[in-house]
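Here's the structure we're looking at; comments come further down.
Please read these numbers as outputs of a predicted model, since none were measured by experiment. Proteins get letters first, then strands, A, B, ... in listed order; numbering begins at 1 in each.
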Amino acid sequence: MTQQAKISIQQETFDLAQEMQSLAQGRADVGAIVTFTGLCRDENAALSALELEHYPGMAEEEIARVVSQAQARWPLLGVTVIHRYGRMAPGDQIVLVITASSHRLAAFESAEFLMDYLKTRAPFWKKEHRSDGTSGDWVSAKDHDDHAAARWEQI
Amino acid sequence: MTQQAKISIQQETFDLAQEMQSLAQGRADVGAIVTFTGLCRDENAALSALELEHYPGMAEEEIARVVSQAQARWPLLGVTVIHRYGRMAPGDQIVLVITASSHRLAAFESAEFLMDYLKTRAPFWKKEHRSDGTSGDWVSAKDHDDHAAARWEQI
Amino acid sequence: MKAVYFAWVRERIGRAEEEITPPAHVANVADLISWLSEKGEEYAYAFEKPQVIRVAIDRTHVKHDTPIHQAREIAFFPPMTGG
Amino acid sequence: MKAVYFAWVRERIGRAEEEITPPAHVANVADLISWLSEKGEEYAYAFEKPQVIRVAIDRTHVKHDTPIHQAREIAFFPPMTGG
């Protein structure tokens with residue numbers, strides 16, 4: 001089993017179609033590909049931007065650790081994780097996870113695992129900038145994210 | 001909540017990037033998009049093609065019923081299901097599911113639910129054509145697919 | 001009513017659809033499968049394991065104890081393998 | 001050793017990094033947080049709820065009872081909110 005992984009921490013946006021193609025093109029062993037795209041959300045039109053701060057160096061290393069755990073746990077044929085930093089407008093893409101496997105359960109579970117762990121372990125922090133010009137707050141971590149990550153410990 | 005859904009049963013292939021764009025473009029309420037792509041797999045280089053037979057009319061109706069169940073169960077901002085029929089070569093795309101929601105758990109769970117139900121309820125059948133020229137078998141339904149679908153009854 | 005067949009059920013019977021007129025005592029899906037099985041060797045072969053046959057009446061999945069008297073189109077097929 | 005700060009810890013302290021030289025009795029992460037808190041109002045504010053502060057030593061998450069004597073770079077930050 002090829003344990004292929006691409007990890008990128010970058011300011012520029014990403015192209016899902018291109019990332020999927022470089023993962024699966026020319027292969028006949030991949031039966032299932034799951035992608036997760038996280039977007040900058042603004043339900044109440046109160047947000048002008050999100051500022052994503054990260055810990056350079058550690059972000060890559062921590063995501064690599066999480067990817068290794070996923071590869072040890074599921075028979076993955078390919079993994080891609082891209083996480084952006086900097087300023088994002090509502091509707092902009094923030095994070096991309098792609099998992100490829102022979103079967104769908106491994107692809108689904110590993111993508112969910114990766115997102116749960118990225119949320120709670122990858123050193124990124126979001127700050128809101130409000131559309132009324134005031135500086136917003138740092139986004140608070142959510143208990144339900146910790147719970148989501150914790151459920152993988154029990155299985 | 002807009003209960004948007006696109007369902008297509010088609011012979012031609014699909015373009016994931018285009019489908020995602022028509023689902024999410026210009027929206028700031030979508031925070032999470034999950035996609036599942038099912039591909040024609042050939043691990044042992046024994047397959048020349050898969051022939052997908054379907055029940056025209058019922059396939060659309062049954063998938064629409066499954067989509068309605070997902071919409072009733074999760075707060076979805078968009079759903080796309082495309083299922084192809086006809087002859088597929090190894091590596092070809094067969095099925096696409098996209099779910100969009102404010103939050104990632106709803107997007108992940110509903111995509112998994114849709115795939116589990118498509119596998120066991122949508123009237124499609126796969127026949128193998130072998131690369132040695134002999135006609136292959138009809139693919140057998142798998143118990144684990146029934147179990148995968150059944151777990152949604154218990155939650 | 002119209003009977004339609006898919007996948008190996010269709011292949012074994014040798015046709016994709018046909019008009020059938022079951023007698024009045026054929027009340028439900030299970031009765032209809034028994035009755036069809038006696039139409040010939042190809043039907044007996046297609047329905048040799050009735051418990052694996054899936055059935056839809058007017059494009060909706062039904063169980064084998066479902067009454068058929070209001071059916072316009074009844075479909076017989078193996079377990080689905082799409083997705 | 002080098003101390004680095006992120007997000008509102010950085011904003012409250014007013015700097016992103018600095019060299020620190022804690023005395024020998026500062027043995028673990030919890031000790032270091034207490035010692036830093038006494039460096040001034042801005043530190044006291046940043047570390048007012050020590051239990052919410054996450055710490056990494058040389059780019060690896062650690063708990064508050066982890067010894068610091070081999071650390072080259074120690075980072076302080078709020079719970080992560082990426083993804």
Is any residue of [range] within less than 4.5 Å of chain A by heavy atoms, and which ones?
range	result
residues 14-36 of chain D	none
residues 45-52 of chain D	none
residues 53-83 of chain D	D:R54, D:A56, D:R59, D:T60, D:H61, D:E73, D:A75, D:F77, D:P78, D:P79, D:M80, D:T81, D:G82, D:G83

**Prompt:** With only heavy atoms counted, which part of A:R84 is less than 4.5 Å from chain D, the side chain, the backbone, both or neither?
**Reply:**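 When you check distances to chain D, no heavy atom of A:R84 falls under 4.5 Å.
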**Message:** Between A:K126 and chain D, with a heavy-atom cut-off of 4.5 Å, which part of the residue counts as in contact: side chain, backbone, both or neither?
**Reply:**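 Both backbone and side chain.
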**Message:** For a side chain to side chain contact (heavy atoms under 4.5 Å, CB included) check, start with the C-alpha distance between A:Y55 and D:V4, then their side-chain angles and the critical distance, and finish with the verdict.
**Reply:** CA-CA 9 Å; A:Y55 184 171; D:V4 295; 3.8 Å; yes
Sequence neighbours left out, cut at 3.5 Å: what donor-acceptor pairs do the side chains of residues 86-95 of chain A make with other protein atoms?
from  : atom 1 : to    : atom 2 : distance (Å)
A:D92 : OD2    : A:A89 : N      : 2.8
A:Q93 : NE2    : A:T13 : OG1    : 3.0
A:Q93 : NE2    : A:F14 : O      : 2.8

**Prompt:** Under a 4.5 Å heavy-atom cutoff, which of A:R121, A:E61, A:H83 has the most pairs with chain D?
**Reply:**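 Ranked by heavy-atom pairs under 4.5 Å with chain D, first place is A:R121.
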**Item:** Among A:E51, A:K142, A:M115, A:E62, residue most engaged with chain D (heavy-atom pairs, under 4.5 Å)
**Value:**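 Sorted descending by pairs with chain D, the first entry is A:E62.
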**Message:** If I compare all heavy atoms of D:F6 with all of A:P56, which pair ends up nearest, and what's the gap?
**Reply:**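 Here D:F6 and A:P56 meet closest at CE2-CD, 4.3 Å.
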